[in-house]
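All chains are named by letter (A, B, ...) in the order of the sequence lines, taking the proteins before the strands, and each is independently numbered beginning at 1.
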Amino acid sequence: MRYNFEEIETKWQKKWSENGTFSIDESSEKPKYYALEMFPYPSGNLHMGHVRNYSIGDVVARYKKMQGYNVLHPMGWDSFGLPAENAAIQHGVKPSDWTWSNVDNMRRQLKRLGLSYDWDREVATAKPDYYKFTQWIFLQLYKHGLAYKKMSYVNWCPSCKTVLANEQVVGGHCDRCKSEVVKKELEQWFFKITDYAQRLLDDIDKLSGWPDKVKSMQSNWIGRSEGAEIQFKIDGSDESLTVYTTRPDTIFGVSYMVIAPEHPIVEKLIAGRPEEEKCRAFINKVQKLNEITRSATDTEKEGEFTGVYVINPLNGEKVPLYLANYVFLDYGTGVVMGVPAHDQRDYDFAKKYNLPIRIVIQPEGQNMKSEDMTAAFAAEGIMENSGQFDGLDNKEAIKKITDYVEEKGIGKRTVNFRLRDWLISRQRYWGAPIPIVYCDKCGVVPVPESDLPVMLPENVKFTGQGESPLKECKEFVNTTCPVCGGHATRDVDTMDTFVCSSWYYLRYCDPHNTELPFSKEKTDYWMNVDQYIGGVEHAILHLLYARFFTKALHDFGYVSCDEPFENLLTQGMVLKDGSKMSKSIGNVVSPEEIVGKYGADTARLFILFAAPPERDLDWNDSAVEGSYKFINRVWRAVEDLKDYMSDDKVDAASLNADEKKLRFAVHSSIKKVTEDFERFSFNTAISSIMEMVNALYLYKENTDKASYNKPLIGETVTSLIILLSPFVPHVASEMWERIGRTSDLTSEKWLAYDEQAIVVSEVEIVVQINGKIKDKIMIAADASAEELKTVALENEKIKKLTEGRQIVKVIPVPNKLINVVVK
RNA sequence: GCGGGCGUGGCGGAAUUGGCAGACGCGCCGGACUUAGGAUCCGGUGGUUAUACCGUGGGGGUUCAAGUCCCUUCGCCCGCACCA
């Protein structure tokens, strides 16, 4: 006998929707719980990664609801983005049509999984009622000086024909289309996330509910480094160059200086010198190098002498200034001191150009000679050749030399971050337009809030050629200046989609607000997100941007919280045959196929049972079958027993041995499942329910129908259905109905276990000699340590094995074991 | 190079606080039922030269006791990386 999943699942999905089972009542007295899964990009179809993500979230939301929380569990669409536009170019469909039909399809697929969303709160970032407020937030950032425009060398993807954020460049390639990224000088909008670098770093400590991995990735990305800026006078000039170094202790070992070829001062320095021509050739050569080669560790260090010398402020030495391909303009000051003895890069460079190598830090107790060196010595040691600082521990010297430099006014302590400002302009159509106009008279003018949204025009052409299609749309571009009423043009760029997704969790709190992105009252009630769930691929990008937005909005006074996500769960990937499901490998298992074959409950159960959520999960067809069989096994048991149930209280005192065993299994399982929910250990929760079902079958096997204990069966079956309900809500609801319950299972109270039911009178004790198991004995559960000892020493086996040996000590561990130590 | 993680049967995994390694499931083997079984129910299943011994990547240590703690080493995965 098998249950009809198709019929049952459709039936309950319809009921939940008609009854508004998952609609939220904000006036509820219950404590709130905000369960959130990362919203999907509407690419067309759900994949298994989505099923996993949303199954985990759904189980959490349903469990919390049954525990008595007022649960916010929303869903929406990260619906702006490049694929929509590519579809327009390739197939001539409008990006909006493509997007909304994908949304419709994926919404249907999500509903088919029976997820407990409040669909009345659905948001879509590409809808004017949403992007109106993305633009509003842009204006707030602009007002507070956190949005600014500047000319800069930016990452440009020639294939996507747009600039990319640093975070979207992976190994020198476009994160999306994998094309090689080139540098291009453009005027672009930036968000000043660097203003928040220190706070974003410090507050990582507050994120106790986040995985260490994500925290360390963010902290590496922010990349704080402490050091000093020190000025070196240019020989024969009043000007000086400022270097950034984390190793001021090596300053007496400086034998040359290097500067980034793009550095603005280079032009002036080399003008008119005999070296000018060679330098220009070198600059050209470096600029032609692509980003990957330029920044690869194994690229040979090359340079060109500028003809300029600088003076070491500590020892007055004159050292040559080189242009070099391994120095970057956008980190530190773009000028670096060359210390070949104590930095591997400088060592390689010095070897190539025959520059002196002077040791200034000696490994303790050694007398290393520079002629003998084969690599730089970068470790700690004792200072030498460093004038007044000789003999100091080099760590101490860092402090002393920096103090000295600060006293003399030739430098200062500084902190550098690897984090760059967030470039948000995209030369693309399908995004939120940047709410800025350029007036012939007034210059850069923000669009007044009352004029929002700046609507994305529909009548544009997609050729795939040239720049943004918005640029060609005259009705969009030409406008009037909100200040003087004169002619003005709109900014034709749109915002990075990560801007849209940086605040959607706030919108869910108040999704229908037409005046503001959200009211403070609503976010005060719902925020923070209690549990956020999504892929680890967002560990840096999305999660850092969202933290930044929350902090900025907090500072502007719009939200009270300054971190958005209390707890974070990063789920693993879904693999097939050891590799990520992908069309090119041909190992994709489609959710629709699985749901069609086994139903949504089986898909959910398998995906939660096969691996812990944070680990990668290898798809296994026969194990899916196994999950399906398990549901059927439960179904058959309930069908068999539903006429032998009673609601009467179990009379615990009069249970026979088999009944006690069953009741023990039921209550241990309630305990275990509840504990496992708290640590997201769904796989072990399910295995514990399986044990309970096995115990039920054993009871059936050993008991005549006529002797069934009806109250016990009643308790067992109702508990089983409740425990299973977060995982397999449809079939659980159906069974609930078939055992005659009329209440709504999804709001049934979660179970508490009976302490007495899991108390055992006798326990099995392991008896060890020197830690090796020799025997197992049954003993009263409340036996004292002394009793344990006595019983163990009187044990026949132990007596025999310890005969003629000296018993050194006996270690009793109540309820567990007893270890006899012999010599 | 820096940072994070992982390594347990044929496979997915369990062991939460140092206390019986391998729960639960897949697969496989056997039994029952059956015209039949790829259904269902029941049982078995780490290895071996098997009353015992060996087993959580390898080596060492701490401990009465180690998958778990410490040191060391190997392998794999992820993130960052000529960042001064």
Would one find a side-chain N or O of [X] under 4.0 angstrom from OP1 or OP2 of [N]?
X       : N       : answer
R633(A) : rC42(B) : yes
Y697(A) : rC41(B) : yes
R615(A) : rG5(B)  : no
R418(A) : rA81(B) : yes
R345(A) : rC83(B) : yes

Mind checking [X] for me? I need base, sugar-phosphate or nothing, with any heavy atom below 4.0 Å counting as a touch.
X       : answer
N683(A) : sugar-phosphate
L817(A) : base
P211(A) : nothing
N694(A) : sugar-phosphate
E701(A) : sugar-phosphate
F609(A) : base

Mind calculating the distance between CD1 (I689(A)) and P (rG25(B)) to the nearest angstrom?
->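 To the nearest whole Å, that distance equals 13 Å.
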Round to a whole Å and report the spacing from CH2 of W210(A) to P of rG3(B).
->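 Going from W210(A) (CH2) to rG3(B) (P), I get 22 Å.
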When both hydrogen-bonding distances must be under 3.5 Å and the geometry is Watson-Crick or G-U wobble, what is [N] paired with, if anything?
N       : answer
rA36(B) : none
rU62(B) : none
rC76(B) : rG5(B)
rA52(B) : rU48(B)
rC83(B) : none
rC11(B) : rG25(B)
rU17(B) : none
rG67(B) : none

Whole-Å [atom1] distance, [N] and [M]:
N       : M       : atom1 : value
rG9(B)  : rA14(B) : C1'   : 13 Å
rC24(B) : rG3(B)  : C1'   : 35 Å
rC2(B)  : rU8(B)  : P     : 26 Å
rA50(B) : rG60(B) : C1'   : 31 Å
rG7(B)  : rU56(B) : P     : 14 Å
rG61(B) : rA66(B) : C1'   : 11 Å
rG67(B) : rA21(B) : C1'   : 7 Å
rU49(B) : rA15(B) : P     : 33 Å

Of all the nucleotides listed ([options]), which has the minimum atom distance to the side chain of [X]?
X       : options                   : value
A623(A) : rC26(B), rC78(B), rG13(B) : rC26(B)
N220(A) : rC26(B), rC80(B), rG3(B)  : rG3(B)
A610(A) : rC82(B), rC26(B), rG12(B) : rG12(B)
Y331(A) : rU16(B), rA14(B), rC83(B) : rC83(B)
N819(A) : rA65(B), rA84(B), rA21(B) : rA65(B)
Q768(A) : rA84(B), rU16(B), rG19(B) : rG19(B)
K672(A) : rC24(B), rU16(B), rC26(B) : rU16(B)
K301(A) : rC53(B), rC41(B), rC82(B) : rC82(B)
R2(A)   : rU40(B), rG19(B), rU16(B) : rU40(B)
T684(A) : rA15(B), rC82(B), rG12(B) : rA15(B)

Describe, in one word, how the ring planes of [X] and [Y] are oriented to each other, choosing from parallel (under 30°), tilted (30 to 60°) and perpendicular (over 60°).
X       : Y       : answer
F377(A) : H342(A) : perpendicular
F727(A) : F682(A) : perpendicular
Y545(A) : W422(A) : parallel
Y322(A) : F349(A) : perpendicular

In a check of side chain to side chain donor-acceptor pair (under 3.5 Å) between Y326(A) and each of D348(A), T299(A), D346(A), which one passes?
->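 Single side chain to side chain donor-acceptor pair (under 3.5 Å) partner of Y326(A) among D348(A), T299(A), D346(A): D346(A).
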Locate the shortest heavy-atom distance separating T684(A) from S687(A); write the atom from each residue and the value.
->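 Minimum heavy-atom contact is O-OG, 2.9 Å.
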Give the minimum heavy-atom separation between Q218(A) and A539(A), together with the two atoms involved.
->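 Between these two residues, the closest heavy atoms are NE2-O, 2.9 Å.
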Start at the 5' end of RNA chain B and walk down; is the nucleotide closest to E300(A) or to K629(A) reached first?
->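 Between the two, 5'-proximity favours K629(A).
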Residue whose closest nucleotide on RNA chain B lies nearer the 5' end, F417(A) versus S216(A) |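 This one resolves to S216(A).
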Decide yes or no on side chain to side chain donor-acceptor pair (under 3.5 Å) for S784(A) and E787(A), but give the supporting numbers first.
-> CA-CA 5 Å; S784(A) 68; E787(A) 285 172 285; 3.2 Å; yes
Glycosidic conformation of rG10(B), syn or anti, with 90° from 0 as the boundary?
->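 Chi for rG10(B) falls in the anti range.
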Report yes if a donor N or O on one partner sits less than 3.5 Å from an acceptor N or O on the other, where the partners are the side chain of K809(A) and the base of rC64(B); otherwise report no.
->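 Result: no qualifying N/O pair found.
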Between F609(A) and F630(A), does a ring pair (Phe, Tyr, Trp, His ring centres under 6.0 Å) hold up when you go through it step by step?
-> CA-CA 11 Å; F609(A) 177 59; F630(A) 171 69; 8.1 Å; no
